[in-house]
Number of protein chains: 2
Amino acid sequence: MDLHILDHKLRVTSISKTGLQQYTHPLIKLIFLRNRTRCKFFSLTETPENYTVVLDEEGFKELQPSEHLQVEGSTWLPLNVVSNGNTSSSSQAVGVTKIAKSVIAPLAEQHVSVFMLSTYQTDFILVREKDLSVVVETLVEEFNIFREEGGESVPVHSQDACNGLQRNVPHATVHPVLIPENQFCVMSLDPDTLPAIATTLIDVLFYSNRYETFTSLPLILTLSHSLCLFFFSDECGIVAQISQPLADSDISAYYISTFSFDHALVSHFSVEVMC
Amino acid sequence: MDLHILDHKLRVTSISKTGLQQYTHPLIKLIFLRNRTRCKFFSLTETPENYTVVLDEEGFKELQPSEHLQVEGSTWLPLNVVSNGNTSSSSQAVGVTKIAKSVIAPLAEQHVSVFMLSTYQTDFILVREKDLSVVVETLVEEFNIFREEGGESVPVHSQDACNGLQRNVPHATVHPVLIPENQFCVMSLDPDTLPAIATTLIDVLFYSNRYETFTSLPLILTLSHSLCLFFFSDECGIVAQISQPLADSDISAYYISTFSFDHALVSHFSVEVMC
């Protein structure tokens with residue numbers, strides 16, 4: 001399998017619920033007016049706690065600092081696992097079950113945090129730029145690692161990135177898992193279709209006052225450079241570290257990390273198997 | 001002819017160019033999400049100076065006070081001149097040339113300011129609520145005056161509104177008239193078509209940075225409760241008091257008042273006649 005380190009430097013930010021109005025102008029630009037911005041990677045996830053916005057440095061410039069904006073200190077790099085080919089364009093995305101076993105679990109053993117963004121077509125594994133050497137050293141045995149640079153895939157060797165990696169002894173950690181009763185609808189949308197549903201999306205994203213109307217559904221909206229993905233939910237709290245046992249049971253899932261929590265979305269029929 | 005005093009209490013406000021970003025959230029709601037708001041009358045006019053927003057009191061609640069928002073102190077009432085019928089629904093709108101002669105000129109003689117909002121289908125003459133008795137007294141000889149109240153047209157008699165009107169001696173005032181070289185395009189749009197062009201309109205309204213790109217056209221966008229009208233322009237300064245001589249020459253025009261200026265839009269072929 002190949003592991004591609006994509007050519008984006010990402011920031012992970014959080015906008016408070018009450019701060020959304022203040023950020024309507026830049027967010028609408030980033031979501032709907034792609035030729036107004038040089039932002040190539042954008043993801044917006046709404047949860048009951050806040051709005052998590054992941055975006056590249058060009059997009060990050062659009063967000064004015066304020067008390068409503070929290071910014072994670074690190075720069076993050078998105079990784080993509082592909083199979084059957086030497087370039088990402090000819091390769092097939094690899095299911096998240098394989099990713100859980102071959103990427104997330106080994107990195108967790110090295111205490112490398114990952115930020116997951118599953119989309120309809122592919123899964124992005126975000127790692128902190130400062131952890132890159134550990135990531136390469138950890139994964140180089142199982143993957144051919146490439147770094148995307150200006151459209152080219154440049155092979156990365158362990159010694160390029162690693163300066164004396166210390167193997168950590170894994171901790172035994174137990175995380176609480178919540179399984180809320182909500183159901184999700186996972187959709188993919190061609191970006192060219194976006195204008196046709198703009199007012200509906202703007203309505204749901206910026207104007208549905210869920211403090212008053214419990215019937216309307218919260219929205220998890222993930223937009224990446226090449227595709228759009230929507231998750232509808234009304235509660236959250238599933239923890240991402242569930243990935244290993246799910247993978248062991250061959251249960252595929254969508255993983256969405258947010259500023260405060262991790263979320264694993266599994267099919268309705270898998271819930272009983274998990275329990 | 002009939003004069004209808006419509007059932008809206010309007011505020012005339014101005015948003016500064018630099019304040020637009022801050023008001024993106026309420027403005028998009030008022031323009032595009034009509035079932036999210038109880039605002040029934042809304043007009044947005046962009047000029048090089050500022051954004052003039054005229055809206056009823058329900059809409060006005062959406063605009064948070066700030067240094068970027070100026071509010072004209074008065075409450076304004078929209079008047080509509082119609083012919084051939086007793087109710088506004090069965091009546092025909094009357095051309096602005098007739099309005100200039102029969103409404104604007106007599107009111108000007110009484111020193112009653114009007115705020116004009118021409119749209120594709122009709123012309124709204126806004127007068128201050130405190131001037132209503134003078135308006136009724138001035139116009140009652142030439143018009144059957146009705147007040148719209150909860151969908152009903154109630155006849156208004158001079159004594160209902162007037163408490164001792166003093167006829168003023170008209171002043172001779174000379175206003176400078178500028179005729180810029182810009183051309184306008186006047187369009188009408190069914191509100192149901194609005195979602196289809198939402199992203200284009202949002203782009204033009206909120207994201208076209210005309211400080212940098214002189215080629216893009218400023219936009220005068222007038223949205224009323226039943227129709228939408230767009231004016232494109234790149235300069236302004238025509239003064240509304242031009243209406244009387246234009247009417248004398250049978251030149252029809254669109255009149256758009258804004259917070260700072262009045263604008264008369266005449267057809268391209270009328271400019272030579274005016275000069």
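So that the names make sense, note that chain A is the first sequence line, chain B the second, and so on, each numbered from 1.
- In terms of heavy-atom proximity, A:Y207 sits nearest to B:I28 at OH-CB, 3.5 Å.
- For A:L20, no part lies under 4.5 angstrom from a heavy atom of chain B.
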How far apart are the C-alpha atoms of B:L33 and A:F206, what are their side-chain angles, what is the distance that settles it, and do they pass the side-chain contact (heavy atoms from CB on, under 4.5 Å) test? CA-CA 11 Å; B:L33 305 173; A:F206 296 103; over 6 Å; no

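- For the pair B:D203/A:F32, no side-chain contact is recorded, criterion being any heavy-atom separation below 4.5 Å from C-beta on.
- For the atom pair B:I31 CD1 and A:T199 OG1, the distance stands at 12.5 Å (nearest 0.5 Å).
- Without hydrogens or angle criteria, A:H25 side chain to B:Q22 main chain gives no donor-acceptor distance under 3.5 Å.
- At least one side-chain heavy atom of A:I202 sits under 4.5 Å from a side-chain heavy atom of B:I202.
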